[in-house]
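Source: prediction; values computed, not measured. Throughout, a chain's letter reflects where its sequence line sits, starting with A, and its residues are numbered from 1.
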Amino acid sequence: MKELSKSYNPKEHEDRIYDMWESTNSFSPDSLESDKKFSISMPPPNVTGTLHLGHAAMLAIEDLMIRYRRMQGDKTLWVPGTDHAAIATQAKVEKILLEEGTNRHKLGREKFLKRINDFAQESHDTIVNQLKKMGSSCDWSREAFTLDETRTKAVRSVFKLMYDDGLIIRGDRVVNWCPKCHSTLSDDEVEYKAQRAPFYTFKYDKDFPIAVSSTRPETKLGDTAVAVNPKDSRYKELIGKEYNVDFCGQKLKLKIIGDRHVDMDFGTGALGVTPAHSMVDWKMAEENNLDVVKLINEDGNVHEGFGEFSGMTAKEARKRVVEILKEKELIEKEEEIDNNLSICYRCDTPIEPLPSLQWFIDVNKKLDKFKGKTIKEVANQVVREGFLGDKSKKINIYPERFEKNYFNWMENLGDWCISRQILYGHQVPVWYKEDEIYVGLEGPKEKGWTQDTDTLDTWFSSGLWTFSTLAQKPEDIKIENGRVVVDTDDFRNFHPTSVMETGYDILFFWVARMIIMTTYAIEDIPFHDIYLHGLVLDEKGKKMSKSKGNVIDPLVMKEKYGADATRLSLVIGSAPGADMKLSEEKVAGFRNFSNKLWNISRFILSSYEKSGDGTFVAETEADKWILSKTEKLVLEVTEDLDKYNFSKAGEKLREFSWDVLADWYLEIAKFEKSDNKANILYYVLEKILKLWHPYIPFVTEVIWGEMDSDKSLINESWPDEKSDKHETSNQFDLIIETVKAIRNARSVNKVEPAKKIKAIIYAGKNTELLKSQEVLIKSLRTGIDSVEIKESGEEIKNEIFTSVGNLKIYLIGAIDMEKEKERISKEIINLEKQISIISGKLSNKNFVERAPEELVKKEKERLKGFESELKAFKKQLEN
RNA sequence: GGACGCAUAGCUCAGUUGGCUAGAGCACUUCGUUUACACCGAAGGGGUCCAAGGUUCGAGUCCUUGUGCGUCCACCA
């Protein structure tokens with residue numbers, strides 16, 4: 001017999017339990033031997049901040065999968081790690097410096113980098129500690145960082161391989177430039193903000209034949225052409241002509257060109273071409289050999305050489321240009337239009353497209369090693385049918401609908417700009433000496449070589465995550481026969497990883513890039529399945545943000561309600577890929593459940609003792625019933641978990657634990673106490689603790705520790721429904737129906753508690769069954785004092801009457817005639833409604849002929865049942 | 001402009017290939033402290049399944065159209 005506290009207090013146990021798991025190496029796959037392997041690479045949290053609900057959801061789901069597979073006996077590995085998050089981390093440190101009244105230039109390169117590294121280290125320690133708080137059973141001995149030595153080796157190896165294959169190229173192109181971050185951004189890092197903007201239609205000068213329209217007239221200072229649609233009759237004849245114009249005091253040379261992409265109906269149908277500051281215009285300039293005039297510099301200001309405009313910000317220049325145009329009366333129209341402002345996804349600063357010498361990954365280069373396919377095509381095919389058509393190497397996305405998004409993105413993918421002008425990150429592994437260039441894993445030994453000062457887009461290194469994390473040291477990563485090889489047992493055991501579980505918001509940023517980079521570098525898929533979870537929103541469905549003040553901190557939830565409740569609230573009640581709304585009440589609800597489970601266990605452990613070797617037989621109907629329910633539960637939960645139906649399985653577990661076990665079987669057990677019963681209770685408890693463990697590892701492990709077990713629950717094996725067969729039966733369902741009917745009738749009649757009530761049940765062919773359960777029927781909070789069960793008898797007038805199928809139940813001793821009449825009338829109305837529906841169905845020839853036979857039979861039986869009930873109720877009402 | 005998703009009880013959502021009286025949690029009403037649990041127990045109320053058509057013996061479920069909301073991608077200068 002055990003003494004347990006009245007309610008479960010997570011704080012008393014969680015840290016202790018986690019330490020126990022860790023100190024017993026329970027997270028390591030090394031001692032597990034199995035042909036079945038299971039592995040997940042944890043999406044590495046950024047070392048910029050603290051754990052948020054998105055992380056918590058990720059951890060809850062991944063830990064659930066990992067613990068489930070581990071208990072299934074698979075050799076299971078979950079590799080944890082963190083991401084250096086280049087721009088984000090540097091920006092954060094710069095902000096801190098600003099608050100301290102200094103900046104990176106004052107500090108100098110070395111000191112600045114040290115500051116970032118120190119910050120990253122501190123941030124890392126915080127977040128790792130928080131990952132542990134949520135109960136994550138990942139193998140910390142294999143922890144990785146996107147910027148550590150081993151991952152650096154992977155990055156440089158892949159870079160070199162790509163460079164040698166001609167996939168990485170250096171080019172002067174128009175890129176997305178953030179004047180605040182002072183760096184390039186990839187196309188995916190550009191966000192759009194809808195706005196209303198003034199839209200000016202004007203002529204460059206009064207002699208120029210065509211008016212153009214723009215929301216950014218200041219950029220027209222950099223125009224070298226005007227493009228019109230070659231089919232446009234208004235301008236057709238002007239194509240090919242050149243003009244010298246005086247635009248706001250600046251001399252421009254403009255050529256009229258024809259381009260079929262120009263929309264004749266938009267604005268004036270003519271477009272001022274600004275090659276240096278627009279992607280589209282850049283392409284037109286290339287095709288038409290136009291001059292490129294650089295107008296805006298990297299600070300977002302106008303370059304020297306533009307007279308009064310030089311040094312102005314773009315905004316100032318715009319204002320001035322409009323002023324001048326107005327003075328000269330060149331503006332034909334000024335209107336407000338809807339348009340999209342490009343902004344930096346990190347700092348919301350408007351993007352300035354400008355030409356710059358950068359490194360790119362050419363996604364459209366046909367590769368010999370892929371039989372002429374491009375890396376983009378390979379990445380596409382791997383989700384459609386498998387790696388180079390190999391069906392065993394196909395990646396499945398759950399939920400499936402995201403596959404369409406993936407294909408759409410992949411097909412529209414342009415070259416990926418990978419160089420960034422920030423200090424924190426993987427420095428581009430390219431060295432220069434005068435005109436020479438060297439690309440390699442290490443720089444040349446001789447003097448005079450200097451390394452490229454740019455760093456790589458953070459997604460370059462995280463794109464290698466699944467395989468780079470399976471290397472333990474830099475030497476494990478090699479280039480052999482034109483591919484990257486990871487020479488470790490971990491790689492051989494665990495790659496491709498089983499599942500990539502992450503939020504759908506980084507499907508493109510990260511998941512798609514992992515597929516591209518991995519299929520290219522190691523010529524295999526990074527993972528078999530992709531499971532995408534949704535975003536965690538506040539209870540109103542809005543994104544959580546500090547400025548809105550609607551942030552729910554998972555660690556605060558953990559403190560208040562426990563890690564288990566927090567995890568459950570993120571797993572149950574949300575569909576894969578769907579956003580989930582979370583409120584504190586929901587977490588509190590699951591705290592209530594963990595306490596319920598605690599008390600279920602407390603009752604069993606303190607009132608019953610396991611006897612002998614724990615074997616038992618199904619003695620009573622209730623025993624057979626609970627064993628049947630348990631067997632079904634194990635089967636269904638296992639099946640659901642295999643299909644990633646975490647929410648559904650969790651709901652089934654909750655229903656079983658609370659509604660079946662606690663509300664019925666435990667109540668029954670109070671009246672049927674025996675050694676055999678005790679053993680059944682222990683048996684069922686063990687099953688549900690195991691089934692619950694992946695969801696709520698702490699409370700289940702604590703309870704498990706109170707049972708006589710030689711292993712901790714984390715190391716136990718998953719219930720195997722096939723190995724233990726017991727006699728099962730669902731006959732007890734009828735008893736439950738009966739008890740409920742009695743309770744209902746009694747409750748509605750509000751019988752005074754003092755009155756003695758006798759129940760008389762005419763049970764027909766169920767007489768024997770009912771008789772065997774007489775004691776229970778009386779005891780299970782039915783409020784009756786005695787019960788008499790007969791096969792049949794006369795109806796009893798002026799007493800409470802109810803029925804269950806063919807069972808007729810009379811409660812003798814007290815009746816409120818008004819209430820009873822009301823209740824019976826209601827029953828009759830309901831029954832009549834049902835009968836008319838079913839008889840309508842059955843009189844329909846088509847239904848009888850075409851519907852499955854079973855269904856028709858079932859409906860006939862139902863009709864018979866309802867009719868006999870109706871008859872009984874009607875008679876009772878007459879009396 | 002292209003695509004996707006959602007619309008079911010007051011709220012948050014389940015509802016698998018069409019087939020029991022459309023379910024759960026929270027909230028609500030009434031009753032109840034019977035030695036696991038008030039973070040509890042019992043009983044109950046509450047839904048024209050967004051609208052209109054269509055397919056079918058049968059539609060919350062499939063098809064078409066529409067409305068409202070949300071998301072992603074592209075982007076017009």
A.B. asks: Do the ring planes of A/Tyr608 and A/Phe603 sit parallel (below 30°), tilted (30 to 60°) or perpendicular (above 60°)?
C.D. replies: perpendicular
A.B. asks: Would you call A/Pro576 and A/Lys643 a side-chain contact if the rule is heavy atoms closer than 4.5 Å?
C.D. replies: no
A.B. asks: Provide, to the nearest angstrom, the distance between the CE atom belonging to A/Met410 and the P atom belonging to B/rC72.
C.D. replies: 19 Å
A.B. asks: Look at the side chain of A/Asn595 and the base of B/rC37, then say whether one donor and one acceptor between them are separated by less than 3.5 Å.
C.D. replies: no
A.B. asks: Counting the benzene-type ring for Trp, do A/Trp692 and A/Phe593 have ring centres under 6.0 Å apart?
C.D. replies: yes
A.B. asks: Among all residues two or more places apart in sequence or in another chain, which pass the ring pair (Phe, Tyr, Trp, His ring centres under 6.0 Å) test with A/Phe671?
C.D. replies: none
A.B. asks: What stems show up for RNA chain B when you take Watson-Crick pairs (N1-N3 plus N6-O4 or O6-N4) and G-U wobbles (N1-O2, O6-N3), both under 3.5 Å, and require three or more consecutive pairs?
C.D. replies: B:1-7 with B:67-73, B:10-13 with B:23-26, B:28-32 with B:40-44, B:50-54 with B:62-66
A.B. asks: Check the angle between the aromatic planes of A/Tyr504 and A/Phe402 and answer parallel, tilted or perpendicular using the 30° and 60° thresholds.
C.D. replies: parallel
A.B. asks: Distance-only check: which donor-acceptor pairs under 3.5 Å involve side-chain atoms of residues 196-204 of chain A, not counting sequence neighbours?
C.D. replies:
{"unit_1": "A/Arg196", "atom_1": "NH1", "unit_2": "A/Asp338", "atom_2": "OD1", "d": "3.1"}
{"unit_1": "A/Arg196", "atom_1": "NH2", "unit_2": "A/Glu336", "atom_2": "O", "d": "3.4"}
{"unit_1": "A/Thr201", "atom_1": "OG1", "unit_2": "A/Ser213", "atom_2": "OG", "d": "2.9"}
{"unit_1": "A/Tyr204", "atom_1": "OH", "unit_2": "A/Asp223", "atom_2": "OD2", "d": "2.5"}

A.B. asks: Quick one: list whatever passes ring pair (Phe, Tyr, Trp, His ring centres under 6.0 Å) with A/Tyr406, sequence neighbours left out.
C.D. replies: none
A.B. asks: So, using side chain to side chain donor-acceptor pair (under 3.5 Å) as the criterion, who are the partners of A/Tyr345 when residues are at least two apart?
C.D. replies: A/Glu189
A.B. asks: Does any part of the side chain of A/Ile696, heavy atoms only, come nearer than 4.5 Å to the side chain of A/Leu568, both counted from C-beta?
C.D. replies: yes
A.B. asks: For RNA chain B, find the residues of residues 656-671 of chain A with a heavy-atom distance under 4.0 Å and give them by number; none if there aren't any.
C.D. replies: A/Trp658, A/Ala662, A/Asp663, A/Leu666, A/Glu667, A/Lys670
A.B. asks: For A/Glu584, enumerate each residue passing the side chain to side chain donor-acceptor pair (under 3.5 Å) test, keeping only those at least two apart in sequence or located in another chain.
C.D. replies: A/Lys560, A/Tyr561
A.B. asks: Go through the structure and list residues passing ring pair (Phe, Tyr, Trp, His ring centres under 6.0 Å) with A/Phe873, not counting sequence neighbours.
C.D. replies: A/Phe801
A.B. asks: Would you please name every residue forming a side-chain contact (heavy atoms from CB on, under 4.5 Å) with A/Val775, sequence neighbours left out?
C.D. replies: A/Ser779
A.B. asks: From the list B/rG19, B/rA42, B/rC39, which nucleotide is the closest neighbour of the side chain of A/Asn592?
C.D. replies: B/rC39
A.B. asks: Tabulate protein N/O versus nucleotide N/O from nucleotides 44-48 of chain B, keeping only pairs under 3.5 Å, one per line.
C.D. replies:
{"unit_1": "B/rG44", "atom_1": "OP1", "unit_2": "A/Asn744", "atom_2": "ND2", "d": "3.2"}

A.B. asks: Output all residues satisfying side chain to side chain donor-acceptor pair (under 3.5 Å) with A/Asp640, sequence neighbours left out; order by chain, then residue number.
C.D. replies: A/Lys652
A.B. asks: Figure out the CG/P separation between A/Leu532 and B/rC72, and round it to whole Å.
C.D. replies: 15 Å
A.B. asks: Produce a footprint string for nucleotides 5-18 of chain B: one letter per nucleotide, 5' end first; B if the base is under 4.0 Å from any protein heavy atom, S if only the sugar-phosphate is, - if neither.
C.D. replies: S------SSS----
A.B. asks: Tell me which nucleotide among B/rU21, B/rG25, B/rG19 gets nearest to the side chain of A/Phe866.
C.D. replies: B/rU21
A.B. asks: Which whole number of Å gives the distance between the C1' atom of B/rG5 and that of B/rC50?
C.D. replies: 16 Å
A.B. asks: Under 4.0 angstrom, heavy atoms only, what part of the nucleic acid is A/Phe508 near: base, sugar-phosphate, or nothing?
C.D. replies: sugar-phosphate
